[in-house]
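Just so you know, these numbers use all the heavy atoms, side chains as well, and skip hydrogens, waters and symmetry mates. Naming: A, B, ... by sequence-line order, numbering from 1 per chain.
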Amino acid sequence: MAEITYWEAIRRAHDEELANDPNVIVMGEDVGLIGGTYKATSGLFQKYGEQRVIDTPISENSYTGIGIGASMAGMRPIIEIMSINFALLALDTLINAGAKIRYMSGGRATCPFVMRTPGGTAHQLAAQHSARLARVFMSTSGLRVVTPRGPLDACGMLKSAVRCNDPVIVIEHERMYNMKENIPDHEFFRPLEGAEIVRRGTDITLIGYNYSVYLCLEAAKRLEKDGISAEVIDLRALKPIDRETIRRSVEKTHRVLVAEEDEAAVGVGSEIISTVIEDCFFALDAQPVRIHAADVPVPYAENLEKAAIPNAEDVYKGALKVMGRI
Amino acid sequence: MDKADQKRLLREMIFFRRFEERCFEAYMEHKIGGFLHLYAGQEAVATGVLEMARPGHDYVITGYRDHIHAIKAGAPAREVMAELYGKETGSSRGRGGSMHIFDPTVNFMGGYALVGQPFPLAAGLALACKHKKTDQIAICFLGDGANNQGTFHETMNMASVWKLPVLFVCENNQYAIGTRIDRSTAVLDQYKRVCGYNIPSSQHDGQDIEQVMEAAKKAVDHVRSGKGPYFIEYMTYRTRGHSMSDKTAVYRPKEEEAKWAERDPIRIYGAKLKKAGVVTDEDIKKLKKDVQDEIENDIIKFAEESPAPRVEDLNRYVLDDNPDPRWIGPLQNTY
Ligand SMILES: Cc1ncc(C[n+]2csc(CCOP(=O)(O)OP(=O)(O)O)c2C)c(N)n1
Ligand SMILES: [Mg+2]
């Protein structure tokens, strides 16, 4: 076991997969010579050469398309998009082609590629660098979407994403790249499906993904002081969603809150609560609550940004509301 | 090219024409649904270019006007027709339809509806060829209108910087649906547009299959020899409307259509072969009859008699239907 950061975990997954299979390539803006904006591919250009760790021009839609085309011919590309905001430029090749090629060819053509991108708010990056957009991908048939919350999943899920035969979107988070966690020294994989119960509790289920898992965990600690036992679930995968784990938890706690960093409308929270209503409506003892961002483009000023994005306090208060304590 | 091959090529073009005309009829009978884009008039381009390449070995990709490219690349014609009929035996198992013919067994990697989208996909196929150090190339057929997409510019740039083995074939039929090229495009000669990306290019007659082949051979050799991409433009014309719903009279002058009818590729090649003593009028008549019989008795029959996909299979092919649990899981929680 060794404690490493999130970015180091991603780097390790790349390194192991590049070593494992000569058809694995990495492509994206500045992933090569300078090792990636968040260091996630540092040293790999030097180790594997420019044919396998490819610095692309700033042409998101077409280099994504090139990755998809290459994957149809047997390659295993890991495509990095510098920020999820820029992924909007790649939606045509990604959603119109990548997500649909297997289906519209009747299963005869496949495109096993991975797209990694940080998708969260960082610190005062303002509206055009703070999009979250997970909902765009989770609502697209033909994709898998995962949201590793720490180094263990960041390494193990990326490796699984490279090996599996489907297009996988890995959504990371700017504020998680320097987080640390112990991960095994030996090679390991983490599955692309299945939510994880990261804290056990009996009174309320707090559901998060990506960075909002930490908000839930912090809120859970505070709730404990109030004598409320919160269970925390990390969704891990937004597509497909692990309805079973959610249902079993809610049937135990009878109360549910979903926390996300994105705006509420047509979002992760709405989707999760819909599944709860469909799967275990009669288990609920209280109205569910969604904790989410304000319905505004993310502002620059520090105080406004803070006000726009939910924090642990918001989750805590939301949980008290579900509990009928406020 | 020997006489037998010349005769075969003529037969192929006659076959392709009849295939498309038969699609038209089937569409009118409501046997084919959706959008249908026919290739009649442009046959010499796909036939000639792919004759000079190695179908089944090289990758081929195109837009929605894709039936003939697929067949010439090696997809069985009966499967293409069955696809148009929405049958389980179709090239894409009835999931794609006219605009999405696929046959990866012969490296025909699809028809795509999004104008310009195949540019980067083709470059990606070429990247894989280069990476695996095979002698394959990727051939991308698209229309003149596609060159106004961002993907054109982005892909030309990357294909050139990375010296990818990809041949871009521009089928310039001078119209994007009802918009004539001079109303939408600042540079009329499409081959000139790739100069900005340092890609060699040339423009040729797309109606005379001999000229198509001569130019295509040089272009294919260039790409296969590892010199990087090549962009070849063929001047051509579609006989029918863009799809089944537009009236060409609204946007194309009658005189222009008549002029191009003179330059029909089958007519041109048929006349040449007659003059060279390869075929007689009798032979051509017989070819037409044979082709008609084959399409009716084999291809249409197969499409008609094939089963529709099973509704129980609706959710197949979305993702890998037999995923490896090592990568997929699901993660087990202990309760
Ligand atoms: C991205 C996109 N925009 C618009 C359309 C609608 N559309 C379909 S074909 C076409 C014209 C394309 O013309 P061209 O590339 O010259 O090909 P041609 O049909 O002449 O073979 C248009 C506008 C589309 N399918 N995709
Ligand atoms: Mg055109």
Side-chain angles (χ1 to χ4, degrees), chain A residues 22-23 25 51-52 54 56-57 59 61-75 77 89 92-93 96-97 100-110 112 141-144 159-161 163-167 189-197 236-237 242 244-245 248 252, chain B residues 59 61 88 90-97 100 102-105 107 109-110 112-114 117-132 136 138 150-151 153-155 157-158 161-162 164 309 316-321 323-335:
Chain A
N23 289 326
I25 54 171
Q51 302 291 335
R52 298 194 60 202
I54 305 169
T56 66
S59 306
N61 193 33
S62 293
Y63 75 67
T64 298
I66 288 177
I68 293 168
S71 74
M72 279 201 280
M75 307 291 293
L89 282 100
D92 172 51
T93 49
N96 283 320
K100 300 184 168 68
I101 283 173
R102 181 190 283 270
Y103 198 85
M104 67 186 189
S105 69
R108 301 183 82 196
T110 59
S141 310
L143 296 178
R144 291 183 173 277
K159 284 172 64 68
S160 297
R163 304 270 175 123
C164 102
N165 294 324
D166 302 316
F189 295 87
R190 295 276 290 169
L192 297 172
E193 290 186 10
E196 184 175 8
I197 301 169
R236 292 180 74 254
D242 178 1
E244 170 77 4
T245 297
R248 291 178 77 152
K252 177 176 66 177
Chain B
Y59 286 103
I61 190 164
E88 182 65 28
S91 306
S92 305
R93 312 301 182 230
R95 270 67 168 184
H100 309 301
F102 279 81
D103 193 344
T105 62
N107 288 344
M109 304 312 284
Y112 297 84
L114 277 287
Q117 192 180 65
F119 284 128
L121 300 177
L125 294 166
L127 185 103
C129 299
K130 182 166 177 161
H131 184 88
K132 295 181 179 178
Q136 292 162 291
T151 48
H153 299 276
E154 295 183 349
T155 303
N157 182 51
M158 284 184 272
V161 179
W162 298 336
L164 299 179
R316 279 182 80 184
Y317 312 132
V318 178
L319 294 172
D320 187 351
D321 291 308
D324 188 328
R326 281 177 299 172
W327 327 132
I328 302 303
L331 186 82
Q332 298 301 327
N333 287 289
T334 46
Y335 291 95

Check: A/Asp242 and B/Pro330 side chains under 4.5 Å, non-hydrogen atoms: no

Proximity breakdown for A/Arg236 and chain B, heavy-atom pairs closer than 4.5 Å: side chain

Determine the option with the most heavy-atom pairs under 4.5 angstrom with chain B, choosing from A/Ala161, A/Pro167, A/Pro191. A/Pro191

Select, from A/Gly194, A/Ala237, A/Ser141, A/Pro112, the one with the greatest count of heavy-atom pairs under 4.5 Å involving chain B. A/Gly194

Between B/His131 and A/Arg52 (side chain of the first, backbone of the second, donor and acceptor by atom type, cut-off under 3.5 Å), is there such a pair? no

So what's closer than 4.5 Å to chain B heavy atoms on A/Pro77: side chain, backbone, both or neither? neither

Non-hydrogen side-chain atoms of B/Met158 and A/Pro57 separated by less than 4.5 Å: yes

At a 4.5 Å cut-off on heavy atoms, which part of B/Asp103 comes close to chain A: side chain, backbone, both, or neither? both

Please give me the minimum heavy-atom distance between A/Ala70 and B/Ala128, naming the atom from each residue. O-CB, 4.0 Å

Part of A/Ser71 lying under 4.5 Å from any heavy atom of chain B: neither

Approximate separation, where rounding is to 0.5 Å, of B/Asp320 CG and A/Cys164 SG: 7.5 Å

Tell me, out of B/Glu154, B/Arg95, B/Arg93, who's got the most heavy-atom pairs with chain A below 4.5 Å. B/Glu154

Minimum heavy-atom separation for A/Ala97 and B/Leu121, please, with both atom names. CB-CD1, 4.4 Å

If you compare all heavy atoms of B/Tyr112 against all heavy atoms of A/Met72, which two are closest, and at what distance to 0.1 Å? OH-CE, 3.3 Å

Does some side-chain heavy atom of A/Asn165 sit less than 4.5 Å from a side-chain heavy atom of B/Trp327? no

If you count heavy-atom pairs within less than 4.5 Å of chain B, which of A/Ser59, A/Gly67, A/Gly107 leads? A/Ser59

Residue among B/Glu88, B/Lys132, B/Lys130 with most heavy-atom pairs under 4.5 Å to chain A: B/Lys132

OG1 of A/Thr110 to CG of B/Leu319, rounded to nearest 0.5 Å, is 11.5 Å

For B/Tyr59, the ring-ring contact (aromatic ring centres under 6.0 Å, His included) test, sequence neighbours excluded, returns none

For residues A/Ser62 and B/Thr155, report the shortest heavy-atom separation together with the two atoms involved. OG-OG1, 3.6 Å

Beyond-backbone contact of B/Trp162 with A/Thr56, side-chain heavy atoms, under 4.5 angstrom: yes

Closest-packed option against chain B by number of heavy-atom pairs under 4.5 Å, given A/Leu143, A/Asp92, A/Ile101, A/Thr64: A/Asp92

When every non-hydrogen atom of B/Leu125 is compared with those of A/Gly69, the smallest separation belongs to CD2-O, 3.3 Å

Which atom names give the shortest non-hydrogen contact between B/Thr105 and A/Arg108, and what distance separates them? CG2-NH2, 3.7 Å

Any side-chain heavy atom of A/Arg163 sitting closer than 4.5 Å to one from B/Asp324? no

Where on A/Ile54 is there a heavy atom nearer than 4.5 Å to chain B: the side chain, the backbone, both, or neither? side chain

Do B/Ile328 and A/Arg144 make a side-chain contact, defined as non-hydrogen atoms from C-beta onward lying under 4.5 Å apart? yes

Counting distance only, does the side-chain N/O of B/Asn333 pair as donor-acceptor with the main-chain N or O of A/Ala195 below 3.5 Å? yes

Heavy-atom pairs under 4.5 Å with chain A - which of B/Arg326, B/His100, B/Gln117 has more of them than the others? B/Gln117

Which atoms of B/Leu127 are under 4.5 Å from chain A, going by heavy atoms: the side chain, the backbone, both sets, or neither? side chain

